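Data first, discussion second: the structure below is written as structure tokens.
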Amino acid sequence: MNIQAIEVRRDQAARPITGCRLCGTDLRYTFVDLGMSPPCEAFLQADQVDQMEPYFPLHTQVCDRCFLVQLKEYVSPDEIFTEYAYFSSYSTSWVAHAKRYCEAITRRLSLNDKSLVVELASNDGYLLQHFGPLGVPVLGVEPAANVAAVATGKGIPTIVDFFGVRLAKKMVADGKRADLIAGNNVLAQVPDLNDFVAGMKILLKPEGVITLEFPHIERLIEENQFDTIYHEHFSYFSLLTIDMVAQRHGLKVIDVEELPTHGGSLRVYLAHQESTRAVAPRVADVIDREKRHGLTDIGTYSSFGFKAQRAKRDLLSFLIAAKNEGKTICGYGAPGKGNTLLNYCAIGTDFLDFTVDRNPYKHGRFTPGMHIPIRPVDAIDQAKPHYILILPWNLKDEIIQQMRHVAAWGAKFIVPIPFVSVIDPAEL
Ligand SMILES: [Zn+2]
């Protein structure tokens, strides 16, 4: 099926019209509707499996003025972030990525012992910890108290609060202004986008720099990463849209890098509009490419749902055939994105006997909605399944390396995205 040929579909009038999170325009187009799903980080304890579980819509829309792909605030950040299960330090490659960033940005901005680096959504200090050996003072802002406590325990000063204009003004009043504000995978998670960006503008010194990393909507569309949509992610950005965000708040995009993290991310560099920092030519290069790839055409967005539907049919066809042949299947990982995929495709313990995760917080718990038990990684060695479905497919190379010994009993890996594929570790 040629999805380009399908005409742009406007939403049925039955959908209540709401305004764009960025520019306020009425939202009339669906990006993809993944049905009803529980919050993807709401891992259940054994005694909760028998209880009622809240489900919320996963209906993403797109604004035809600023092209911000967005999800309504179905679940409030207070519910999501006060006890957060995601400890960044459990991903080896993510911590290494953070260390490289800290070293490079310290050189680039000539940061020193007089500077201040503020990270928004600083998690367990996985990033800020690398500035210590470089002699650069840091301050974290993290709303999840349990995660922030881990950072504080490592000696990283952390404010437990939500960031926005209110907190930025308080920090400035306390004499804190930032030479560097880092926000990795946080911009997507703020329901009040304009308040958050306005806060960064207030907190930033006149020649300071903001770096933001977020999954790139261009990659999401081209590689069919529909499972990266979940209730905690309210917004999905192109550089085109980020440029509009910046302009709206007296900021400018001065540089951009394309990163492999989370299936393909952008790291954008912002400065005050009146700053002397020059704009790198690659900013215009990426924006031009986005335009060539249809990111200013509403049809590119409104036809995306068909790709998600095909991926679901392909994956289910494979799993059904495997089960009919008597094969055993388990999962690897229990990431948020896995829960979007499992719930959208309705893959429960009828397909996966269990999944495993490196994060001990999740051991003995169950995935939201589908109730798949989560065990330590060595459960795979005991069960010796025929297939291992890799849920954090963005880390598939790292996982297959760590788990290549499963070739000893002939196990193969299933990668569900962009469309189902099988990797035999014996052939590597
Ligand atoms: Zn808009």
Side-chain angles (χ1 to χ4, degrees), residues 7-34 56-77 163-165 183 185-201 210 212-222 225-226 228-253 256 265-266 268 270 273 283-284 286-305 308:
E7 72 178 275
V8 172
R9 296 185 312 168
R10 273 213 194 167
D11 285 0
Q12 302 296 320
R15 297 261 193 212
I17 290 179
T18 51
C20 168
R21 171 167 295 120
L22 174 58
C23 74
T25 302
D26 286 345
L27 297 175
R28 297 173 300 162
Y29 296 94
T30 286
F31 178 61
V32 60
D33 190 345
L34 299 170
F56 301 89
L58 261 186
H59 174 220
T60 38
Q61 294 174 289
V62 57
C63 173
D64 57 347
R65 180 157 165 243
C66 72
F67 300 104
L68 180 68
V69 170
Q70 54 200 290
L71 202 57
K72 264 181 245 171
E73 190 185 346
Y74 293 114
V75 186
S76 88
F163 185 77
V165 168
N185 297 302
V186 59
L187 200 62
Q189 304 190 356
V190 291
D192 192 344
L193 182 61
N194 286 314
D195 180 66
F196 187 86
V197 178
M200 292 196 291
K201 169 92 180 163
I210 299 165
L212 301 171
E213 290 181 28
F214 48 85
H216 192 186
I217 188 82
E218 187 187 359
R219 301 258 67 75
L220 188 156
I221 292 173
E222 291 185 358
Q225 303 164 353
F226 63 88
T228 60
I229 293 167
Y230 42 85
H231 296 108
E232 287 85 335
H233 284 179
F234 302 116
S235 306
Y236 304 80
F237 299 96
S238 61
L239 188 57
L240 278 155
T241 300
I242 287 291
D243 191 46
M244 287 186 227
V245 174
Q247 285 181 35
R248 193 182 173 99
H249 291 281
L251 299 166
K252 61 181 177 184
V253 179
V256 61
S265 296
L266 291 183
V268 298
L270 307 178
Q273 224 147 44
V283 174
V286 172
I287 287 178
D288 287 346
R289 193 190 67 210
E290 288 181 346
K291 287 179 180 165
R292 284 200 306 280
H293 288 191
L295 295 190
T296 49
D297 173 4
I298 195 71
T300 304
Y301 300 91
S302 67
S303 60
F304 178 72

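Quick caveat, the model's predicted, so the values are computed rather than measured. Numbers here are sequence positions counted from 1. Start at 1 and go down the list; that is how both ligands and their atoms are numbered.
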Check: Is the backbone N or O of Lys201 less than 3.5 Å from a side-chain atom of His249, with the two atoms forming a donor-acceptor pair by type?
Finding: no
Notebook entry, point to check: side chain to side chain contact (heavy atoms under 4.5 Å, CB included) with Asp192: which residues, sequence neighbours excluded?
Noted result: Asn194, Asp195
Next item on the list: Keeping the roles fixed (side chain from Thr60, backbone from Val32), state whether a donor-acceptor pair exists under 3.5 Å.
Entry: yes
Next item on the list: Assign the ring pair His231 / Phe56 to parallel, tilted or perpendicular, where the plane angle (0 to 90°) is split at 30° and 60°.
Entry: perpendicular
Next item on the list: Step through it carefully: locate the ring centre of Tyr301, locate the ring centre of Phe67, and say whether they are under 6.0 Å apart.
Entry: yes
Notebook entry, point to check: Got more than 12 heavy atoms from elsewhere within 6.0 Å of CZ, Arg289?
Noted result: yes
Notebook entry, point to check: In the protein, how many N/O/S atoms are under 2.8 Å from the Zn ion (ligand 1)?
Noted result: 4
